[in-house]
Amino acid sequence: APSYYLSLAVVVGITAIAALGLVLLLTAGQISLGHAAYMGLGAYTSAVLARDYGLPVALSALIAIAATCAVAAPIGWLTLR
């Protein structure tokens, strides 16, 4: 596939994953303001690692997931107590 259509499909897929997670919360009657923050934190971390430090995209995505989990775990622990 041409590069444009492939990148468009990736962006649509990522946005769909975030939207489906938000729909699941809203149908349960909960409001999530952290959804966008965690998605933004992961995306920013992955982009900085790949662009500035030259890490492969897959490795930077795994590190971004770990970093986002490290930030989200204490916040989740505090709010779910």
Checklist line | Nonpolar side-chain network containing L22, other nodes, edges under 4.5 Å | finding: L26
Item checked: Nonpolar side-chain network containing I63, other nodes, edges under 4.5 Å -> Y44, V48, L49, Y53, L55, L59
Margin query: Show the nearest heavy-atom pair for residues Y38 and T68, with the distance to one decimal.
Written below: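 Closest approach of Y38 to T68, heavy atoms only: O-CG2, 3.7 Å.
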Checklist line | Heavy-atom closest pair, residues L41 and T45 | finding: O-OG1, 2.7 Å
Keeping [X] on the side-chain end and [Y] on the backbone end, is there a donor-acceptor pair under 3.5 Å?
X	Y	result
S7	S3	yes
S46	A43	no
T27	L24	yes

Check: Quick one: do V10 and M39 end up in the same hydrophobic cluster if we chain Ile, Leu, Val, Met, Phe, Trp and Tyr together by side-chain heavy atoms under 4.5 Å apart?
Finding: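 Yes, one cluster joins them.
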